[in-house]
Amino acid sequence: MIEVSLDRVLAKKHITSLELAEKIGITQANLSILKTGKAKAVRFSTLESICKVLDCQPGEILKYIPESEE
C-alpha cells in the first residue's frame, strides 16, 4: 500500500489544496483524488511539479507500507 501524506506537507508549508492545484496546473478534484490515496497512478511530471512548489522530496509525500503492516 502507498500512503499519501500530501495534507501534512501542505499544512507544514502553509499552502491550500486550491493554491497547489493552480500552481501545478491540475484540477482541485484530481488533486483531491491524489490526496485521499484513491489515485491509481501519478505522473512523474505531476509529482515533480508538486515537489517543486512545496520544496520537498517525493518521500515526504509518498510512503510504501508493506501488507503485513496495513
Side-chain angles (χ1 to χ4, degrees):
M1 173 176 139
I2 301 294
E3 178 182 280
V4 181
S5 304
L6 190 52
D7 276 339
R8 277 187 256 143
V9 178
L10 285 169
K12 182 178 166 184
K13 302 292 182 168
H14 306 288
I15 186 170
T16 67
S17 295
L18 178 59
E19 290 173 305
L20 179 61
E22 289 173 351
K23 289 182 180 188
I24 64 173
I26 66 171
T27 66
Q28 193 171 7
N30 282 340
L31 184 60
S32 178
I33 290 168
L34 178 59
K35 281 182 11 181
T36 59
K38 294 179 181 175
K40 298 291 182 192
V42 60
R43 290 186 175 146
F44 281 151
S45 59
T46 302
L47 184 57
E48 181 180 0
S49 295
I50 291 169
C51 290
K52 185 176 183 177
V53 169
L54 296 178
D55 189 30
C56 68
Q57 292 295 315
E60 294 175 66
I61 298 170
L62 304 173
K63 178 182 177 184
Y64 170 68
I65 303 190
E67 282 186 37
S68 61
E69 296 179 27
E70 288 183 15

*Which pair of non-hydrogen atoms, one from Gln28 and one from Ser17, has the smallest distance, and what is that distance?*
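That would be NE2-CB, 4.3 Å.
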*Which atom of Cys51 lies closest to which atom of Gln57, heavy atoms considered*: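 Heavy atoms only, the tightest pair is SG-C, 3.8 Å.
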_Taking side-chain hydrogen bond (donor to acceptor under 3.5 Å, both in side chains) as the definition, give me every residue that meets it alongside Thr27, ordered by chain and number, with sequence neighbours left out._
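Thr27 satisfies side-chain hydrogen bond (donor to acceptor under 3.5 Å, both in side chains) with Asn30 only.
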*Can you sort out the partners of Ser5 under side-chain hydrogen bond (donor to acceptor under 3.5 Å, both in side chains), two or more places apart, ordered by chain and number?*
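Checked Ser5 against side-chain hydrogen bond (donor to acceptor under 3.5 Å, both in side chains); matches are Arg8.
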Go through the structure and list residues passing side chain to side chain contact (heavy atoms under 4.5 Å, CB included) with [X], not counting sequence neighbours.
X	answer
Val9	Lys13, Leu54, Cys56, Glu60, Ile61
Lys38	Ile33, Thr36
Lys52	none
Thr16	Leu18, Glu19

*How far apart are the C-alpha atoms of Leu47 and Leu62, what are their side-chain angles, what is the distance that settles it, and do they pass the side chain to side chain contact (heavy atoms under 4.5 Å, CB included) test?*
CA-CA 10 Å; Leu47 184 57; Leu62 304 173; 4.2 Å; yes
*How many angstroms lie between atom NZ of Lys23 and atom CG of Leu31, to the nearest 0.5 angstrom?*
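So the gap between those two atoms works out to 13.0 Å.
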*Do Ile26 and Leu34 pass the side chain to side chain contact (heavy atoms under 4.5 Å, CB included) test, and can you show the C-alpha distance, the side-chain angles, and the key distance before you say yes or no?*
CA-CA 11 Å; Ile26 66 171; Leu34 178 59; 5.7 Å; no
*Taking everything shown except Glu3 itself, do over 12 heavy atoms lie less than 6.0 Å from its CD?*
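More than 12 within 6.0 Å, yes.
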